[in-house]
Student: 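I am attaching a structure below and will ask some questions about it afterwards.
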Amino acid sequence: MTAKQAVQPLVGDQEARIYVYETTGGGASFINPVIKLKQGDIFQATLINQLSEDTIVHWHGLHVDWYMDGHPSYAVPQGASYKYHFTVQSRGGTYWYHPHPHGMTARQSYMGLSGFFIVEDRDDLNLRNSLDLKLGETDIPLVIQDKRLDEKGQPVYQPTEMEKFMGYEGDVIFVNLTANPVLEVRSRVYRFRLLNGSNARIYRLAFVKGGDNLPYYVIGTDGGLLDKPYRTSEIFVSPGERVDLLLDLRTFDTGEVITLKSLSFDPMHREEGGHGGHEGHGSSPVQAPKIGSGKEFHILKLVLKDRIPYDRTVPQSLSRIEAINTSGVSIRPITLAASGMQWLINGMSYQMDQYPITVKKNTTEIWEFRNQPNSMPHPMHLHGFMFQVIERDGSPEQVKKLAVDQLGRLVTDLGWKDTVLVWPGETVRIAIDFSHNFAGEQKLLTHCHVLEHEDQGMMLNYMVKRYGNKG
Ligand code: C2O
Ligand code: CU
Ligand code: CU
């Protein structure tokens with residue numbers, strides 16, 4: 001995998017300078033390839049850095065030995081390479097990869113570096129067979145990203161100090177690096193694997209037809225399939241999160257158009273209180289994004305090309321999610337708050353060589369993310385281990401009304417997760433089982449997946465070792 005600059009139009013036919021991962025095989029070259037493996041397979045790759053800056057690849061969501069995880073201390077300079085070799089232990093699911101050099105993750109991702117890493121297990125295979133799904137045709141990975149372009153069609157990444165604090169949002173919405181995307185579909189069931197690969201923007205996703213929000217089934221989260229399909233018509237997806245869903249198009253006629261939209265919501269950015277938006281900060285040649293946070297816009301158009309016979313039924317059961325046993329488990333508070341123009345975790349900013357959290361190997365902990373009421377939404381991510389959301393407290397009204405149980409959880413909280421959105425004023429408890437079979441200490445990260453926040457230091461190292469402490 002070569003990380004390099006490439007020239008490719010983003011909008012219209014104006015050539016844009018972007019960054020890509022390129023691989024070759026069978027005489028062809030692939031840009032940001034979708035990597036697909038089975039659980040138990042061995043994965044090997046060499047990252048070759050042909051960028052003029054340091055980089056390293058992180059396999060977001062995969063359970064791998066820490067030196068295979070793309071920790072920023074392993075970033076390699078221009079011209080150097082890094083070898084990856086690991087067994088895929090993770091459940092079937094939609095994982096992804098992106099750069100992770102400290103302080104440069106946001107810009108490199110924004111310039112184009114990211115791709116899907118799909119793992120298939122037996123449950124996935126069963127679903128594929130029962131619905132007759134085919135990756136790339138009826139099982140479609142879709143990465144949603146927003147960018148700002150200048151008048152020459154070049155992506156612009158020049159966050160002001162305020163935009164580093166609030167997160168950098170764009171005004172052109174891309175799906176798989178395509179602007180104004182249209183997908184031709186047929187009258188059958190589709191699986192969409194949605195990834196929010198944006199630096200900072202949250203989406204409230206709905207499929208809309210003539211003013212109605214269509215029902216769809218959520219079937220999977222960050223770490224693979226749910227126990228069964230959950231019918232819904234809207235979900236929030238924050239940066240780093242994946243949502244796997246089924247959309248049944250059997251009732252539509254040739255020529256009909258269904259739009260995947262982001263519906264409007266309150267972004268709960270506290271700038272709304274006093275700062276009056278993004279205007280007036282710095283002298284960036286590019287205007288503030290025309291699509292403000294939480295505004296409604298189109299993401300993808302589905303056009304029904306023709307009707308076909310299709311008689312499969314959505315299975316009642318998909319997989320098994322065994323709840324992590326949390327009885328008697330200790331709770332570790334993790335506070336999210338700003339100090340001046342900087343977001344901190346437990347009052348700390350990232351230090352590459354410090355491990356403020358130490359966890360004992362093969363034990364379970366509850367981490368309690370506490371977000372301040374006057375904060376902003378933070379999608380909190382953990383490297384190395386998947387977790388389960390066990391409770392949401394103090395959720396804002398727009399979130400609370402989507403809760404599906406007494407614990408305040410959302411549909412997207414019901415499976416294995418590696419990233420969870422914590423809204424202002426919310427306390428979100430997650431259970432993590434730190435069991436692993438790797439040799440030695442594991443040096444991992446927890447951070448906010450608003451990439452500007454991560455780069456600004458809203459990230460901590462944590463260590464998993466045989467003798468932990470309460471940190
Ligand atoms: Cu996708 Cu450390 O992140
Ligand atoms: Cu990650
Ligand atoms: Cu954040």
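From a predicted model like this one, the values you see are computed outputs, not experimental measurements. Heavy-atom basis, side chains included; hydrogens, waters and symmetry copies ignored. Position 1 is the first residue of the sequence, and the numbers go up from there. Ligands are counted one by one from 1 in listed order, and the atoms in each one are counted from 1 as well.
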Student: Protein N, O or S atoms at less than 2.8 Å from atom 1 (Cu) of ligand 1, how many?
Tutor: 3

Student: For residues Val359 and Phe434, report the shortest heavy-atom separation together with the two atoms involved.
Tutor: CG1-CD1, 3.2 Å

Student: Is a salt bridge present between Glu452 and Lys164, judged by a nitrogen-to-oxygen distance below 4.0 Å?
Tutor: no

Student: Just wondering, is there an N, O or S atom on His381 that's nearer than 2.8 Å to the Cu ion (ligand 2)?
Tutor: yes

Student: Charged N to carboxylate O below 4.0 Å: is that the case for Arg242 and Asp418?
Tutor: yes

Student: Are any of the side-chain nitrogens in Asp139 or Lys36 under 4.0 Å away from the carboxylate oxygens of its partner?
Tutor: no

Student: Hey, can you tell me if Trp367 and Phe369 have their rings parallel, tilted or perpendicular (30° and 60° cut-offs)?
Tutor: perpendicular

Student: Are Asp123 and Arg320 close enough, and set up right, to give a salt bridge (Lys or Arg N to Asp or Glu O under 4.0 Å), and what steps lead you there?
Tutor: CA-CA 9 Å; Asp123 293 331; Arg320 262 170 57 104; over 6 Å; no

Student: Specify whether an N/O/S atom of Cys448 falls short of 2.8 Å from the Cu ion (ligand 3).
Tutor: yes

Student: With the Cu ion (ligand 3) at the centre, find the angle made by ND1 from His453 and ND1 from His378, to 10°.
Tutor: 110°

Student: I'd like to know if Lys417 pairs up with Asp222 as an ion pair, taking the criterion as any Lys NZ or Arg NE/NH1/NH2 lying under 4.0 Å from an Asp or Glu carboxylate oxygen.
Tutor: yes

Student: With a cut-off of 2.8 Å, does His58 place any N/O/S atom under that distance from the Cu ion (ligand 2)?
Tutor: yes

Student: If we count only N and O atoms by modelled type, under 3.5 Å, do the side chains of Thr178 and Asn176 hold a donor and an acceptor together?
Tutor: no

